[in-house]
There are 2 protein chains.
Amino acid sequence: MTLASTTSEGEPRGSLRERKKLATRRSLRRIALDLVAERGFTHVTVEDIAEAADVSPRTFFNYFPSKEAALFGADPERIAELRLRVAHDAPGEPVLDALRMVMVSDAQSVADELSGLGGDAADWLRRMKEARSDPHLRAAHAAQMAMVERAVTEGLAERLGTDPERDPYPGLLAATASGVFRASMTFWASSGGTVPLSQLIDLAFRALADGLPERCAFRDITASPGGRALQTPQGDVADRKDNH
Amino acid sequence: MTLASTTSEGEPRGSLRERKKLATRRSLRRIALDLVAERGFTHVTVEDIAEAADVSPRTFFNYFPSKEAALFGADPERIAELRLRVAHDAPGEPVLDALRMVMVSDAQSVADELSGLGGDAADWLRRMKEARSDPHLRAAHAAQMAMVERAVTEGLAERLGTDPERDPYPGLLAATASGVFRASMTFWASSGGTVPLSQLIDLAFRALADGLPERCAFRDITASPGGRALQTPQGDVADRKDNH
DNA sequence: ATGTAACATTGCTCGTAGTGCAAATTTATA
DNA sequence: TATAAATTTGCACTACGAGCAATGTTACAT
């Protein structure tokens, strides 16, 4: 259940009921995204969304516990998987390296899922950025991040074999990692998705492991704002023209 | 119009109006904190708070824009000041050092203010920790942190003379700093305030500047309470007696 | 001290979020 | 086709939060 869910109708797996359920779920989320992007969060009511999706307002709440949740889907499965991967992936490697790899991979799958959701990811991101100003939205997003952070904390604690209640290290690591992730996401969104997200995260984590020096490869990405930026989807770090 | 007896009478500065306003503001916040601590966030209505504070429910919203705001006061002045200090304090010093100093100082003043608010700070923290489980509360807290982070980002950008929209570095730094701050706060709260907050933050920032190594002074703090915290997982991470 | 302006409190109404419950409708299964 | 299971929907209800106008309170000038 983790992946799948792209626009390609390859898998009718599941009964008619489940397909319908998934369809309306997606429909609701997509419509919510569109409406919020064009009107702003506060000027879109649940009734609007429900009406546009041809369901009753009450049904909306059968799918999402709140208006915010329709936008930033919680998806507990992904979070649980993240915890497991943080705990067990790349055994033997230093914690920060393992964490970096897991986060990069997760970011990649997020980007994939997002580009599969709507038509144009960059366009969607641009419009979403506008709507980010609303306090409610930012709160919801931050709350979502807090859940992820909690999962990462637990995963790290398991990997290190310590109790996160007594040892502040897993929490500290998770908090900073969450910050790195968030900052990269924000910058990625503000850049319209021209730079591959996974690469941003990778560089940001390396900068973190170096103690966040003032000169780091992470900053060089911004060198070419107008033109086409780095576009290597996954491979290794793309060419940066030249450093300072 | 019961003057809500705020224990110590330090400063009568300001007209009678302002004193009254400040009194009811504090009364509302204090009552909100108490009620939420004992019943949980969702089981406390604005009407409850207003009634306990001897004001009308409508008046509550004259002081705070939301129920959450009464708990985690936004205080735009403090945020603006933080931005200025991040931008201009300790000129010439490396960014991370300056940031560390400012955050430590800010944490200290937060701790002071908090201990001056209610009777026992440690007790308050302990009770608040219980109520932290509620999603609404966590969202509100996260949103608050997001505002602080934004301010720090702007301050850093000003200090470095870059544009935070194009240069991801200020945002990255602010996000990680916010994470450090938050993790320290959380640990401080969970420890009941036995360890001085400013010291926690200081050590956490130094660990950050060192690239968050697995062994850092930050972890050794936990050795104090009842049992031994670090229990030597799969390696040799624990005791610092041996190393150094 | 007294009238007046400025400000704070309050009650009222309204729109919206979100939940619980039971009836109605749709899908799966015998 | 009948029946069981799950889903959708309507309805009632609590609570948040904003606007507005009336009322009460503090400050200030004469």
Side-chain angles (χ1 to χ4, degrees), chain A residues 12-29 31-32 35-36 39-74 131 134-141 143, chain B residues 1-4 12-29 31-32 35-36 39-74 131 134-141 143:
Chain A
R13 53 170 181 128
S15 61
L16 189 143
R17 253 182 198 165
E18 294 185 25
R19 271 180 290 143
K20 264 195 167 180
K21 241 176 115 94
L22 199 62
T24 54
R25 174 177 218 86
R26 284 204 193 142
S27 172
L28 283 172
R29 167 162 293 167
I31 288 174
L35 289 183
V36 167
R39 286 189 220 166
F41 182 75
T42 54
H43 301 100
V44 175
T45 71
V46 171
E47 199 176 350
D48 294 335
I49 303 172
E51 187 181 4
D54 265 320
V55 293
S56 81
R58 185 64 184 82
T59 297
F60 176 90
F61 289 107
N62 287 341
Y63 283 90
F64 301 101
S66 69
K67 202 168 65 167
E68 297 91 335
L71 302 172
F72 307 105
D134 189 286
H136 285 265
L137 262 191
R138 307 213 317 184
H141 186 237
Chain B
M1 302 14 178
T2 50
L3 279 181
R13 43 140 216 198
S15 62
L16 192 146
R17 247 180 203 167
E18 294 184 26
R19 271 181 289 141
K20 264 194 169 181
K21 243 178 113 93
L22 198 64
T24 53
R25 175 176 217 88
R26 285 208 188 139
S27 172
L28 282 173
R29 167 161 294 166
I31 287 173
L35 289 182
V36 167
R39 287 190 220 164
F41 182 75
T42 55
H43 301 99
V44 175
T45 71
V46 170
E47 198 175 349
D48 293 336
I49 303 172
E51 188 180 4
D54 265 319
V55 292
S56 81
R58 187 63 186 80
T59 298
F60 175 89
F61 289 107
N62 287 340
Y63 282 91
F64 301 102
S66 69
K67 203 169 65 170
E68 298 90 336
L71 303 171
F72 307 105
D134 190 286
H136 284 266
L137 262 192
R138 306 211 317 182
H141 186 237

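Naming: A, B, ... by sequence-line order, numbering from 1 per chain. Predicted, not measured: the structure shown is a model, and the values here were computed from it. When reading the values below, keep in mind they use all heavy atoms of this one structure, side chains included, and skip hydrogens, waters and symmetry mates.
- Put simply, CZ on B:F64 is 14 Å from P on D:dA18, counting in whole angstrom units.
- When the P atom of C:dA17 is taken as reference, atom CD of A:E68 falls 9 Å away, rounded to whole Å.
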Distances under 3.5 Å between nitrogen or oxygen atoms of protein and nucleotides 21-25 of chain C:
none

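- Annotation for A:V46 and A:P57: closest pair CG1-O, 4.2 Å, computed over non-hydrogen atoms.
- With rounding to whole Å, A:L28 atom CG is found 14 Å from D:dT9 atom C1'.
- Note: B:T24 OG1 to B:D54 CG = 11.5 Å, rounded to the nearest 0.5 Å.
- Distance, A:K67 NZ to C:dG15 P: 16 Å, rounded to whole Å.
- Heavy atoms of B:P65 sit under 4.0 angstrom from primed sugar atoms or phosphate atoms, though from no base atom.
- Whole-Å rounding puts the A:H136 NE2 to C:dG18 C1' distance at 14 Å.
- Minimum interatomic distance between A:I49 and A:A32 (heavy atoms only, all atoms of both residues): CD1-CB, 3.8 Å.
- Looking at every heavy atom in both residues, A:A52 comes nearest to A:I31 through O-CD1, 3.4 Å.
- Of the N and O atoms on the side chains of B:N62 and B:T59, not one donor lies less than 3.5 Å from an acceptor on the other residue.
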For nucleotides 5-8 of chain D, print each protein N/O atom paired with a nucleotide N/O atom at under 3.5 Å, atom names and distance only.
| unit_1 | atom_1 | unit_2 | atom_2 | d |
| --- | --- | --- | --- | --- |
| D:dA5 | N3 | A:R17 | NH2 | 3.2 |
| D:dA6 | O4' | A:R17 | NH1 | 3.0 |
| D:dT8 | OP1 | A:Y63 | OH | 2.6 |

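- Note that the OH atom of B:Y63 and the CZ atom of B:R29 stand 12.5 Å from one another [nearest 0.5 Å].
- Rounded to an integer number of Å, the gap from B:F61 CZ to C:dT13 P is 18 Å.
- Between the CZ atom of A:R39 and the P atom of C:dT16 there is a distance of 11 Å, given to the nearest Å.
- We find that CZ of A:F41 is positioned 20 Å from P of C:dG15, with the value rounded to whole Å.
- Between the side chains of A:E47 and A:T45, no donor N or O sits under 3.5 Å from an acceptor N or O.
- Between A:H141 and A:F72, the ring planes lie tilted relative to each other; the angle falls in the 30° to 60° range.
- A:K67 NZ to A:F60 CZ: the interatomic distance, rounded to the nearest 0.5 Å, is 8.5 Å.
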